[in-house]
Protein chains: 2
Amino acid sequence: MSKSISIQALQRLPLYLQYLKSMSLEKETNISAKTLGNALGFGEIQVRKDLAAVSDGGKPKVGYCSADLIKDIESFLGYDNVSDAVLVGAGKLGKALLSYEGFNAYGLNIVAAFDSDAEKCGTDESGKQILPIDKMDNLCRRMKIEIGIIAVPAAQAQSVCDILVQSGIEAIWNFAPTHLTVPQGVILKNEIMAASLAVLSKSLTERKRQLQ
Amino acid sequence: MSKSISIQALQRLPLYLQYLKSMSLEKETNISAKTLGNALGFGEIQVRKDLAAVSDGGKPKVGYCSADLIKDIESFLGYDNVSDAVLVGAGKLGKALLSYEGFNAYGLNIVAAFDSDAEKCGTDESGKQILPIDKMDNLCRRMKIEIGIIAVPAAQAQSVCDILVQSGIEAIWNFAPTHLTVPQGVILKNEIMAASLAVLSKSLTERKRQLQ
DNA sequence: TAGATTGTTAATCGATTAACAATC
DNA sequence: TAGATTGTTAATCGATTAACAATC
C-alpha cells in the first residue's frame, strides 16, 4: 500500500469511502471494483488503480474486503488522526460549518470559532465557543492548531488569513470568494463555489443547445 | 470568441473574474496575461489560452481591456442570464445558502426553499419563503425552475433528488455528502467538501514529512 | 524601428483507459 | 480446470507548457 496517487484519485477516495460505509457490511463482506465503479459512475480499471494506492489489494474472483477497504482509505486520508482547527467568521456559513457533525469523521475537529463582532461571541448552539479575534494567537499556539477555516466576507478574508498565519497556522481552508496570498510553506485550499456553478451552468446551457 | 474550453479552464474563469472585479478600473484600464497570472498563481500562457476561449483578444504591448474581459467572462458563464433555482433543506447550511447575496452575481437566483419540517416553514430571515415539500412540483413547473439545490442530510438526499426530478428540474447542485442517482439528461453537480479536505489533509501530512 | 505582448502550433506532461498476464 | 477478477504495463487521451511567429 501507499504508492503514489494523483490528486484526482485522492479526491475520489472520500467517495469510495462514503459508498462503502453506506453498505451493510453484514450482507456483503466483499466488493468488486466493477460493482464499486458502477455505483459511483467510474470505470473498474480506474477503481482498481485508485484502490491499489491505498490498500494491499483484493483477491481475484472475490474482490476487496469492504471492511479492510474502509480502514485503509480512512487511514490513508488521515481520518483516524484528527487535526484540530479553528474557524473564523461566525456568520451563517461559519455557524453551519461549526455545527456540522460530519467533520469529525473526516479527521477534522473544530475547537473554537472567532468573530470580530463582540455580539456574536459566547457559546454557539453547537456548544462551541465563539471568541474575539484577539484571542486567536494565544489559543492557536497553546493548542498547536494546524488548520484555519475562513468563513468571513471576501473583504476581510486576507486580513483574517494574515492573522491566522501569524498565529502559527499551517493550512488554510478558505470559503471566502476571494484570492488569498499566503507565505510559502503555508497550505491554502480554496473552496470555490463559483467554479462548481460555472460547470453546472455551462452544462445547462449546453443541454439546452442540444435539445433545440 | 467562444472556442472550445476545457473543464479546468472553465473553473478558472470565475477566479479571473473575481480578480478583475476587485481591481479599480479607473486606475488601470488594461491588464496583461502576465499580471493576471502572477496575481492568481497561474502561468501567463495558460491565462492567454483561457482568455482566448472567451474574449476576442487583447492587443500586443497593451494587454486586455479589463472592462471588456469582465463582460466577456460574465457573458460566457451566463452570469447576465439569470437562472431560477429552488433550495431544499432549511437547516443551517440551507439557510446560509439562501441568505448568500453573492449568487445573484453568478447568475443564480434562489426563488424559494422547501423543508419537510413544518416548523421551519414561513418567511426566512433572507425574506424568502420556506415552503412544505408538497408545494414543490407546482411551484417548479409554474415558474419553470431549472436548478435544484440539495442541502438536506445525506439520508434524505436521494428522495429529495427524486422529487426534484419529478418536478421537472434540469440540474441539481448537491451539498449532501452522498452519491445521488439521476436519470440520464439531468445534470448533477456534487459539492464535495470531503474531497477538498482530503487534498488539504494530504498536503499537511506531506508537509510534516518534509519538515522532519 | 525595437520591444513587449499576444496568439497559435508543437512538445511535454499527467491521468485515464486498454490490453493482458497473474491468480484465486 | 475454467472463469472471474485482480494488478501492471503500454497506449491513448487531454491539459499544460514551450517555442515562435504575428503585431501593435
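Proteins get letters first, then strands, A, B, ... in listed order; numbering begins at 1 in each.
- Summarising the geometry, the separation between CG on B:Asp56 and P on C:dT6 is reported as 15 Å, rounded to the nearest angstrom.
- In this structure A:Asp162 satisfies the side-chain contact (heavy atoms from CB on, under 4.5 Å) test together with A:Gln158, A:Gln166, sequence neighbours excluded.
- The closest donor-acceptor contact from the side chain of B:His179 to the backbone of A:Leu15 lies at 3.5 Å or more, if one exists at all.
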Next on the checklist: Show, in sequence, the C-alpha distance, side-chain angles and deciding distance for A:Val86 and A:Cys140, and conclude whether the side-chain contact (heavy atoms from CB on, under 4.5 Å) test is met.
Outcome noted: CA-CA 8 Å; A:Val86 293; A:Cys140 289; 4.0 Å; yes
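- As rounded to whole Å, 12 Å separates atom P of C:dT5 from atom CD1 of B:Ile31.
- Rounded to an integer number of Å, the gap from A:Asn30 CG to D:dT6 P is 10 Å.
- Side chain of B:Lys128 to main chain of B:Ile110: a donor-acceptor pair is present (N/O by atom type, distance under 3.5 Å, no hydrogens or angles).
- For the segment residues 58-65 of chain A, the set of residues with a heavy atom within less than 4.0 Å of an atom of DNA chain D comprises A:Gly58, A:Lys59, A:Pro60, A:Lys61, A:Gly63, A:Tyr64, in numerical order.
- A:Asn174 places a side-chain N or O within 3.5 Å of a backbone atom of A:Thr178 that can act as its donor or acceptor partner.
- B:Glu125 places no side-chain N or O within donor-acceptor distance of the main-chain N or O of B:Ser99, the cut-off being under 3.5 Å.
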Checklist entry - Just the dot-bracket of DNA chain C, please: which string comes out with Watson-Crick or G-U pairs under 3.5 Å, [ ] for crossing, | for another strand? => result ..||||||||||||||||||||||
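- When ring centroids are compared, B:Trp173 and B:Phe103 come within the 6.0 Å threshold.
- Applying the side-chain contact (heavy atoms from CB on, under 4.5 Å) test to B:Ile163 and every residue at least two apart in sequence or in another chain returns B:Ile133, B:Met136, B:Ser167.
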Item to check | Contact state string [nucleotides 12-20 of chain D, B base, S sugar-phosphate only, - no protein heavy atom under 4.0 Å] | outcome: ---SBBB--
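- Applying a 4.0 Å cut-off to non-hydrogen atoms, none of the residues of residues 187-197 of chain B approaches DNA chain D.
- Checked by atom type and distance alone, the side chain of B:Lys189 never pairs as donor or acceptor with a backbone atom of A:Ala198 at under 3.5 Å.
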